[in-house]
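Structure first, then comments.
Computed from a predicted model, the values in this text were never measured in an experiment. Keep in mind that the numbers below use all heavy atoms, side chains included, and drop hydrogens, waters and symmetry copies. Just so it is clear: chains get the letters A, B, ... in the order the sequence lines come, proteins before strands, and each one is counted from 1.
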Amino acid sequence: MKTAFKSFTSYIQRCVSLLQNFSAKGMVTGGTVLHCHFLKKGVFSERFIAIRLLIMYLESRKLSEANQMVKEFNGFDLVVQNCLINANIKWGNLSEARKLFDEMPERNEITWTLLISGLMKCGRVEESMLYFERNPFKGVVSWTAGITGLVKNGSSFHGLKLFARLIESGVKPNQVTYSSIISACIEMSDFELGMSVLGLIIKTGFENNVSVCNSLITLCLRMHEFDLARKVFDRMETRDVVSWTAILDMYVEMGNLGEARRIFDEMPKRNEVSWSVIIARYNQYGDNIEALKLFRRMVREGIKPTISCFASILCALASLESLQAGKNIHAHITKIGIERDVFIGSSLVDLYCKCGETRDGRFVFDSIKNKNVVLWNSMIGGYSMNGQMDEAKYLFDNMPNRNNVSWGTLIGGYVEFKQFDTVFEVFNEMILSGETPTKPTFSSVLCACASVASLEKGKDIHGKILKLGFQYDVYLGTALTDMYAKCGDIESSKQVFDRMSERNEFSWTVMIQGLAESGFAKESLALFEEMKRNSSVAPNELMLLSVLFACSHCGLVDKGLEYFGAMESVYGIRPKGRHYTCVVDMLSRSGRLYEAEELINSMPFRPEANALAALLSGCKTYKDEEIAERTARKLVELAEKNSAGFVLLSNIYASAGRWTDVSNIRKLMREKGLKKSVGCSWVEVRNHLHSFYSEDGIHSKSAEINDILELLRSEMTDP
DNA sequence: ATAGGGTTAG
């Protein structure tokens, strides 16, 4: 042949790789053009080319073309049948694949392995193992397929037992087998075992194999042995994309996203996985904008996003609540036919629900055939974040398998929508069912304990956490600190806070606030100063409110004013109504009524009713009728707009004994249909909550309680 | 044909 190719075989090879390329990029048209070309050239009957064409048609689901091709092969061609089984498994038609398998007159190891791994992928472990045992061609690949299947279905121990049988049978493991075994060690978090596997790897001379080293890096990474991971990486003779991607991920795990990005930018080669990883990590770090930017660059560079990459980007869009962009991606995903994937589905459900569209989320949820726990959890979470707790509970009660995340999601919903009684009820049920709560679940329940100020329940939860041997992470530590502070046990709160190895903005806020509100004003201020000195956390709105509150309660008026002045100029935080109220209160308490009034007048927005009330109460203490009169007028004005103003005004009149004014205001409120929000306080006795309301809701034992109070009062006054 | 990445809660 007079072509540019040295020989006919290399020409065929070139054709095959061209087809493979078209197939991988989903460019069927290009493939079809080649098909016609081959027919004309007469090389179509070349077996390699024909098979490649068949695979291409199968992968792009061009079924009529594929069937046409099958007819061209006479009888039951083993390789063709294998291709058909492979395609059916990929499409999820397991029964069709099995039918083909059963009808085959002869099979090879590939045939068997396809069925074994196909069954494993669908979670049908026992059936798969049955075929494994019946398989007459037990080579490395069959063994490895069995092992990985078990590991991926959460039976790593059985996977390792199969590995032991492999060694006994005399078959030599290959690099893929070792990778699977290392995955098993990772899944079982067994670093020791991983190290003994390493011994075996060295003994069999696989320690320089790229794939094996890649798996070893991942093992070290998961076990947080970063130095060792780096060592493995450094001593590799050749590194591939996977090695670079793994080491990039290590820096992310170490909290150094910047270094990871540097590696990503300087890697000799990037594949779709490297892109996936860096995008996913930016997303997990909350930098969704950068994730999107990278996604756009990736698409521009012609890299086809993987399913996981779409999942990450949908997750990023969900966090940004960009419904429209999310819908565009959804349309694209539908066009390329992967909208029924569970990973994609979970992200889509999350996207719609985060944007408040639970009905669209439910539509996606219903459209997915092979639902897994995560998908169910996403839908439950979707309802929970939108306060549709009944729907969430209904799904929860009717899901086929629950895990601890399902429980946690439901509980989190009840916490967010303040149904605290239900929180404890469901949490108890969870414990009784034998499920182990995760750290986020503990955080949620601690938040509920803090909200109802139940020290007893909070301590009980703390005990459970200790019993499980959970290390505090930032969230859990913060939740505990907050719980103890809000329940009045500031000592324990401080203890937990001091022991935390990592603290974020929330941790500092909670502790500063806890100290301030428990009356430890000086300690609160000292902690705020310590934070500014020793941490990278910047002061926030809530911290400054606590700081002002602390100054107010210590009588450190000038210091308070100093902080208040520094808010915008130094910390870049614009004071809100509550900050002004706090400062007005501080000034009024110390008798600096004129300054307080000035401050109210200088506010760029309407003051809170409480600010005026604080000033009025100061006027009462320091007997300044002039300012009182002006402030009262402002309060009346404000009262027209909200019920809080009316209530305050009526209380002020009441304390001044101006009862006619009081009844006038109450009448006005009734006319306007304004209702005073009911005050409530509660106390916990032997793990039972007793609530007391300021208005009609009366405690069932209020008569007895009042009798006892009367008795105590008399004992205190006449000893 | 068998490995390495990705989805849910704070």
So which nucleotide from B/dT7, B/dT8, B/dA1 ends up closest to the side chain of A/A311?
-> B/dT7
Base, sugar-phosphate alone, or nothing: which one does A/S142 contact when heavy atoms must sit under 4.0 Å apart?
-> nothing
From B/dA3, B/dG6, B/dG10, pick the nucleotide closest to the side chain of A/D249?
-> B/dG6
Closest listed nucleotide, where the reference is the side chain of A/A145 and the choices are B/dG5, B/dA1, B/dT2 = B/dT2
Counting side-chain heavy atoms from C-beta on, which of B/dT7, B/dG6, B/dT2 comes nearest to A/T144?
-> B/dT2
If you check the A/V141 side chain, which of B/dT7, B/dA9, B/dT2 turns out closest?
-> B/dT2
Of all the choices, B/dG6, B/dA1, B/dA9, which nucleotide is nearest to the side chain of A/T409 once you look at every atom?
-> B/dA9
To the nearest angstrom, how far is A/M399 atom CE from B/dT8 atom C1'?
-> 10 Å
With respect to the side chain of A/T113, which nucleotide from B/dG10, B/dA1, B/dT8 is positioned closest?
-> B/dA1
Would you say a side-chain N or O of A/Q284 is under 4.0 Å from OP1 or OP2 of B/dG6?
-> no
Partner set under side-chain hydrogen bond (donor to acceptor under 3.5 Å, both in side chains) for A/K464, not counting sequence neighbours | A/D460
Distance below 4.0 Å between A/R270 side-chain N/O and B/dG5 OP1 or OP2 = no
Using a 4.0 Å heavy-atom cut-off across all strands, classify A/D240 as base, sugar-phosphate, or nothing.
-> base
Could you tell me if the ring centre of A/W112 sits under 6.0 Å from that of A/F101?
-> yes
Within the structure shown, what part of the strands sits under 4.0 Å from A/C315 by heavy-atom distance: base, sugar-phosphate, or nothing?
-> sugar-phosphate
With sugar-phosphate meaning primed atoms plus P, OP1 and OP2, does A/I307 contact a base, only sugar-phosphate, or nothing at under 4.0 Å between heavy atoms?
-> base
Under the side-chain hydrogen bond (donor to acceptor under 3.5 Å, both in side chains) test, which residues partner A/S156, sequence neighbours left out?
-> A/E187
Side-chain atoms of A/V176 come closest, of B/dG5, B/dA3, B/dA1, to B/dA3
Qualifying side chain to side chain donor-acceptor pair (under 3.5 Å) pairs, either residue in residues 241-251 of chain A, two or more places apart | A/N214-A/S243, A/R230-A/Y251, A/D240-A/S243, A/T245-A/S274, A/D249-A/R281
Listed partners of A/N398 passing side-chain hydrogen bond (donor to acceptor under 3.5 Å, both in side chains), at least two apart = none
Phosphate contact (B/dG5 OP1 or OP2) by A/R281 side-chain N/O below 4.0 Å | no
Heavy atoms under 4.0 Å, any strand shown: does A/S215 hit a base, just sugar-phosphate, or nothing?
-> nothing
Would you kindly give the CG-to-C1' distance between A/L248 and B/dG6, to the nearest whole Å?
-> 14 Å
Under 4.0 Å between a side-chain N/O of A/K121 and OP1 or OP2 of B/dT2, yes or no?
-> yes
For the pair A/E357 and A/K327, find out whether any cationic side-chain nitrogen is under 4.0 Å from an anionic carboxylate oxygen.
-> no
Can a side chain N or O of A/K152 be found less than 4.0 Å away from OP1 or OP2 on B/dA3?
-> yes
Please work out which residues in residues 471-482 of chain A have a non-hydrogen atom less than 4.0 Å from an atom of DNA chain B and list them by number.
-> A/D473, A/Y475, A/L476
Set of residues satisfying side-chain hydrogen bond (donor to acceptor under 3.5 Å, both in side chains) with respect to A/R261, sequence neighbours excluded | A/D265, A/Y282, A/E290
The nucleotide from B/dG10, B/dA1, B/dA9 with an atom nearest the side chain of A/N86 is B/dA1
Describe the nucleic acid contact of A/T306 in one word from base, sugar-phosphate, nothing, applying a heavy-atom distance below 4.0 Å.
-> base
Which nucleotide sits closest to the side chain of A/T148: B/dT2, B/dA9, B/dG5?
-> B/dT2
